[in-house]
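A short write-up of the structure that comes next.
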Amino acid sequence: MTKLLRANLVRMTKNRSFRDCMGFMISYGLSMVCMSYYMLCKSGYGIPLENMCFGYASLMGFVSAVFVSLFLGTEYSDGTIRNKLTIGHKRHTVYLANLMVSTVGVLVINAVYVAVLLLVGIPLFGTFRPDPFFLLTRAFLTVLMDLSWTAVFTMCSMLNQNKAAVTAVSILSALVLCFASGYIRSRLSEPKIYEPYTYVTDKGYEIRKEAEENPYYLEGTEREIYTFLNDFLPGSQGLQILNQDRGRERQMSLYSCLTVALATGAGILVFRRKDIK
């Protein structure tokens with residue numbers, strides 16, 4: 001295992017997708033700081049540093065999909081996996097080594113974003129405002145979210161020998177999940193009752209609308225299902241972290257661990273029986 005990890009880490013540092021993803025996150029972090037500072041100079045209000053610090057949460061599905069699929073895709077295209085198995089490495093050891101190094105890569109990509117943001121943002125905006133426990137909780141949740149994304153895309157990459165196909169499927173899956181997460185969040189945010197309001201027509205008539213029930217408000221079992229999906233899906237977790245939602249931290253952390261366990265267990269089980277060409 002140690003030799004596999006060392007070899008994978010060396011290969012990762014030379015991997016183009018790893019460097020490109022880091023460059024993208026650095027650019028994104030700098031753009032966030034510049035945009036917030038511009039808003040601060042223009043209107044006196046900018047995006048708080050703690051909000052920008054977790055701004056990557058909603059992007060990690062795409063970033064991890066690109067990095068993991070391209071990084072592990074070369075294992076098959078270059079014949080690396082076949083060579084590892086030929087010299088005697090166990091299949092589950094090869095799988096776990098790839099998962100661990102992919103996880104390290106995703107976390108490093110995140111860390112680069114945060115480091116750039118802090119180095120540039122703190123001199124411009126000052127330090128964080130919320131309590132340290134809140135920030136640590138958010139950071140812990142993002143790590144678990146990254147682990148769940150990485151476990152899912154590692155499973156996809158290790159079970160498909162076509163590098164182009166697995167990259168396309170991974171990115172498309174991240175896109176679909178992010179759209180689904182946005183839809184789920186919007187449905188859960190529907191108010192139960194529309195508040196009364198008054199408006200004036202073009203002819204100057206004042207019309208008052210009374211309070212009425214929202215037909216799109218979720219109730220009962222349907223709301224429980226949406227709430228479960230909102231806590232379970234990594235994309236939905238990213239939106240909760242980005243918007244600093246409170247109260248669902250325990251559920252999110254448990255579901256992230258469950259996703260990692262299920263994806264890794266299923267991936268190893270199928271990989272053991274896979275015909276490596």
Side-chain angles (χ1 to χ4, degrees), residues 28 32 35-36 39 43 45-65 129-131 133-149 152-153 170-202 205-260 262-263:
Y28 181 67
M32 289 285 289
M35 180 181 65
S36 181
M39 293 169 57
S43 62
Y45 297 96
I47 304 173
L49 186 60
E50 57 271 14
N51 288 8
M52 290 189 289
C53 191
F54 298 105
Y56 64 84
S58 60
L59 291 176
M60 286 317 299
F62 298 102
V63 175
S64 57
R129 297 174 187 173
D131 60 278
F133 179 76
F134 174 78
L135 294 175
L136 290 175
T137 301
R138 297 292 105 180
F140 178 69
L141 290 175
T142 57
V143 169
L144 292 181
M145 180 195 68
D146 289 344
L147 289 176
S148 60
W149 278 124
V152 170
F153 294 133
S170 296
I171 295 175
L172 183 60
S173 299
L175 181 64
V176 170
L177 286 175
C178 286
F179 274 116
S181 300
Y183 174 76
I184 291 169
R185 183 177 180 83
S186 67
R187 289 302 311 274
L188 289 173
S189 300
E190 288 282 351
K192 187 173 184 179
I193 297 176
Y194 289 128
E195 297 296 330
Y197 64 94
T198 302
Y199 68 94
V200 180
T201 65
D202 295 337
Y205 296 107
E206 186 177 276
I207 298 178
R208 176 178 173 78
K209 288 287 186 179
E210 300 296 334
E212 59 181 1
E213 292 187 1
N214 181 5
Y216 298 104
Y217 180 76
L218 298 173
E219 294 184 290
T221 303
E222 190 176 12
R223 188 170 190 84
E224 292 178 0
I225 293 174
Y226 274 74
T227 301
F228 164 74
L229 293 175
N230 193 49
D231 295 332
F232 181 78
L233 296 178
S236 295
Q237 293 180 10
L239 291 178
Q240 291 191 60
I241 294 170
L242 180 63
N243 290 276
Q244 299 188 20
D245 295 347
R246 297 174 183 257
R248 308 294 297 180
E249 291 84 359
R250 179 177 298 179
Q251 291 85 344
M252 290 166 60
S253 59
L254 289 176
Y255 290 143
S256 291
C257 293
L258 179 62
T259 299
V260 173
L262 291 177

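Scope of the values below: all heavy atoms of this structure, side chains included, with no hydrogens, waters or symmetry mates.
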Report task. Side-chain contact test, heavy atoms from C-beta onward, threshold under 4.5 Å: evaluate it for K192 versus E219 and give yes or no. Result -> yes
Query raised in the report: When W149 is tested against each of V63, L177, L144 for side-chain contact (heavy atoms from CB on, under 4.5 Å), which residue passes?
Result: L177
Query raised in the report: Which heavy atom of Y28 sits nearest a heavy atom of G55, and at what distance?
Result: OH-O, 3.6 Å
Query - R250 bridged to D231 by N-O distance under 4.0 Å - result: no
Report summary line: Of all heavy-atom pairs linking F153 and A174, the shortest is CZ-CB, 4.1 Å
Query raised in the report: Taking the six-membered ring for Trp, are F54 and Y56 parallel (under 30°), tilted (30 to 60°) or perpendicular (over 60°)?
Result: tilted
Requested in this report: Let me know which of T259, L233, L258 forms a side-chain contact (heavy atoms from CB on, under 4.5 Å) with S148.
Outcome: T259
Query - Distance in Å, D146 CG paired with S256 OG, rounded so as to fall on 0.5 Å steps - result: 9.5 Å
Query raised in the report: In Å, rounded to the nearest 0.5 Å, how long is the span from CZ of R246 to OG1 of T137?
Result: 8.5 Å
Requested in this report: Indicate yes or no for a side-chain donor-acceptor contact from R223 to the backbone of L188 under 3.5 Å, with no hydrogens or angles considered.
Outcome: yes
Query raised in the report: Hey, what do you get for OG (S189) to CG (N243), rounding to the nearest 0.5 Å?
Result: 8.5 Å
Report task. Could you pull out the closest heavy-atom pair between M52 and S36, with the gap in Å? Result -> SD-CB, 3.7 Å
Report summary line: Of all heavy-atom pairs linking L242 and S58, the shortest is CD2-OG, 3.9 Å
Requested in this report: For the residue pair L141 and E249, establish whether any side-chain heavy-atom pair is separated by less than 4.5 Å.
Outcome: yes
Requested in this report: Would you indicate whether the side-chain heavy atoms of T142 and M60 approach each other to under 4.5 Å?
Outcome: no
Query - Side-chain donor-acceptor contact under 3.5 Å, S236 with S181 - result: yes
Requested in this report: Apply side-chain contact (heavy atoms from CB on, under 4.5 Å) to R187 and Y217, showing your working.
Outcome: CA-CA 7 Å; R187 289 302 311 274; Y217 180 76; over 6 Å; no
Report task. Check whether any side-chain heavy atom of V143 sits under 4.5 Å from a side-chain heavy atom of R138, and report yes or no. Result -> no
Report task. Report yes if the side chains of R248 and T227 come closer than 4.5 Å at any heavy-atom pair, otherwise no. Result -> yes
Report summary line: In short, M145 meets A57 closest at the heavy-atom pair CE-O, 3.6 Å
Query raised in the report: Under 3.5 Å, is there a donor-acceptor pair between the side chain of N230 and the main chain of Y226?
Result: no
Requested in this report: Inspect the surroundings of CZ in F228 and state if more than 12 heavy atoms from other residues, nucleotides or ligands are less than 6.0 Å away.
Outcome: yes
Query raised in the report: Nearest 0.5 Å, what's the OG-CD distance between S253 and Q237?
Result: 8.5 Å
Query raised in the report: For the atom pair CG (L229) and CD1 (I184), what is the distance rounded to the nearest 0.5 Å?
Result: 4.5 Å
Query raised in the report: Can any side-chain N or O of Q240 pair as donor or acceptor with the backbone N or O of R185 at less than 3.5 Å?
Result: no
Query raised in the report: Would you call the rings of F232 and Y255 parallel, tilted or perpendicular, where under 30° means parallel and over 60° means perpendicular?
Result: perpendicular
